[in-house]
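Structure record follows, encoded as structure tokens.
Residues take their numbers from the sequence shown, with the count starting at 1. Both counts, for ligands and for their atoms, begin at 1 and track the order of listing.
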Amino acid sequence: MMISPKLIGSSTARILAVDLSRHVGEEVVIEGWLHRKRVLKSVVFLILRDRSGLSQVVVGEPRAMAEAGALTEETVLRISGTVTENPQAPGGFEVTSPVVTSLSGRVAPPPFDLYRPTVPATLPTILDHAPVALRHPRLRAQHAISAASVAGFRACLDSLGFTEVHTPKVVASATESGANVFAIDWFGSDAYLAQSPQFFKQAMVGVFERVYETGPVFRAEPHDTARHLAQYTSLDVELGFITDHREVMAVLREVLAAMTASVRKRATEACTLLEVDLPEVPERIPEIHFADAQALLAQHTSEDPRGEPDLAPAHERFLSEWALREHGSDFLFVTGYPMVKRPFYTHPEPGREAHSNSFDLLFRGLELVTGGQRLHRYDDYLAALAERGESPETYMGYLAAFRHGMPPHGGFALGLERWTARLTGADNIRRTTLFPRDLHRLTP
Ligand code: AMO
């Protein structure tokens, strides 16, 4: 074996760990990170990690063993050698007679052992060292599941005639509520980081009828909880020509089924590694009206939340357990939230004007999605803003869409990190976020 700091040109193309079985007896080149080194008396095993998995490399020649034994884990290596069948090797194949070249040069050891089956570090340590910690197969798996989820989201909506849009993340007014916006200085003007693409996705219904967006949104959340981030990934949908919010809920049902199927298909190994219990998405997700949910809580818990305008996290957990018990469903729609708790663009419930044509979707105890029908007539917007004591001037850009004709429409937004956390059983959505931004964290 020879260790040289430079890449030596070779005509052999790189193969991945997953392809070893197709090259038995052949000379191959593999490249990746030194995941683990096991130094025994008569042999050194190098376990190389690439994007497809792990390869075992056997070093038996004495001088080569000394050099291999001196390598630090996470060194990036290029190894040429012969693929040999060995039932004892992980996966049944290994690389023998290796020539090893370092591509990274000298490296520092990782902050904790990346080869241990479970992550031997606390959440703060993981987050502090995220660029390296995320290489751990279990931590990487969370993000493979997120990626597969987004692929399913896109594929489903593409097939339903939606167009993907990309809207500004710096805006001139709050979209959800005034309280939790990040104010920034935009060339001397007041501006905010977008809390959601709400106004833009509605305006784009006027252009494409059906749109979706996946992108970052920002909430100046002062809460230090396991389910709030200051930046998260919002999967947004908006569609025109609906009768009411039920049509939006039907699209959401299709999206959830497609996301689940995509995770099953595209992140199979990640699901196995994390023992993910994928949900069944019922043909009809059960639903309960907000007023009935409160009555249920009053009847079955020691609290009486009637009169409150929103559900507390404990109420959401109770209702989720109820849906699982009564309907065998991991999902529950709560419809008809009080108008006072919803943003000004919300459509009231006909005949029950204190309530709205809106919904939240609870998934395994947590609010995952908010959505509903919107106002679509210009005069209704002027009236809604006046009722809340807000000036239409602030929203002139947004209101232009309605002044020039908009169809009945509605949509929803799903928090990607919450979805992945509920799928994988992560106790904190920071585990499903690559580089979380919160009250205390702005780096790495
Ligand atoms: P809402 O503000 O309820 O609705 O947000 C929608 C979904 O986004 C997720 N979410 C969060 N995830 C992590 N950290 C946070 N701080 C956070 N806040 C919200 C949740 C939530 O259900 N414009 C509307 C949606 C619509 O009506 O289309 C909106 O943004 O999963």
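Checked by atom type and distance alone, the side chain of D50 pairs as donor or acceptor with a backbone atom of A17 at under 3.5 Å. Side-chain atoms of R219 come within 3.5 Å of backbone atoms of Q195 as a donor-acceptor pair (strictly under, hydrogens ignored). The backbone N or O of L366 lies less than 3.5 Å from no partner atom in the side chain of R227, so there is not a single donor-acceptor pair. Although no hydrogens or angles enter the test, the distance criterion places no donor-acceptor pair under 3.5 Å between the side chain of R431 and the main chain of A426.
Using a 4.0 Å cut-off between heavy atoms, R418 contacts ligand 1 through its side chain alone, with no backbone atom that close. For I429, every heavy-atom contact with ligand 1 shorter than 4.0 Å involves the side chain, none the backbone. Proximity of K201 to ligand 1, defined as any heavy-atom pair under 4.0 Å, is confined to the side chain (atoms from C-beta onward). Under 4.0 Å from ligand 1, heavy atoms of E367 appear from its side chain as well as its backbone. Proximity of F218 to ligand 1, defined as any heavy-atom pair under 4.0 Å, is not found for any part of the residue. Residue V237 does not touch ligand 1, judged by heavy-atom distances below 4.0 Å.
Ring geometry for F331 versus W419: interplanar angle under 30°, hence parallel rather than tilted (30 to 60°).
Every atom of ligand 1 is numbered from 1 in the order shown, and the set under 4.0 Å from a heavy atom of G371 is 27 (O). Ligand-side atoms of ligand 1 in range of V369: 22 (O), range being under 4.0 angstrom from any heavy atom. Taking a cut-off of under 4.0 Å to the non-hydrogen atoms of S196, the atoms of ligand 1 that pass are 23 (N), 30 (O). Proximity to E221 (heavy-atom distance under 4.0 Å) selects the following atoms of ligand 1: 16 (N). Taking every non-hydrogen atom of R227 and a distance limit under 4.0 Å, the qualifying atoms of ligand 1 come out as 13 (C), 14 (N).
Ion pairing between K341 and E308 fails under the 4.0 Å rule for side-chain N and carboxylate O. Look at D379 and R377 and you find no salt bridge, because none of the NZ, NE, NH1 or NH2 atoms lies under 4.0 Å from a carboxylate O.
In this structure, the protein non-hydrogen atom closest to atom 3 (O) of ligand 1 is T370 OG1, 2.7 Å. In terms of protein heavy atoms, atom 10 (N) of ligand 1 is closest to Y232 CZ, 3.3 Å. For atom 16 (N) of ligand 1, the closest non-hydrogen atom on the protein side is L229 O, 2.9 Å. Protein heavy atom closest to atom 23 (N) of ligand 1, with residue, atom name and distance, is Q198 OE1, 2.7 Å.
Between T233 and V150, the closest side-chain pair of non-hydrogen atoms is not below 4.5 Å.
Between F199 and Y395, the ring center distance clears the sub-6.0 Å criterion. Residues F402 and Y381 bring their aromatic ring centres within 6.0 Å. Aromatic rings of Y398 and Y345 (six-membered ring for Trp) have centroids beyond the 6.0 Å cut-off, not under it.
When the heavy-atom distances from atom 31 (O) of ligand 1 to T225, L368, T433, D438 are ranked, the shortest goes to L368. Nearest residue to atom 6 (C) of ligand 1 from A220, P197, P436, A413 is A413 (criterion: closest heavy atom). Considering each of R374, R219, H223, the one bringing a non-hydrogen atom nearest atom 2 (O) of ligand 1 is R219.
Using 4.0 Å as the threshold, Y345 has a heavy atom nearer than that to some atom of ligand 1. The shortest separation from a heavy atom of G372 to ligand 1 is not under 4.0 Å, leaving the residue out of contact. Q195 does not count as a contact of ligand 1, since none of its heavy atoms falls under 4.0 Å from the ligand.
For E269, the CD atom is loosely surrounded, since the number of other residues' heavy atoms within 6.0 Å does not exceed 12.
E349 and H245 are not linked by any side-chain donor-acceptor pair at a separation below 3.5 angstrom, with hydrogens and angles left out of the test.
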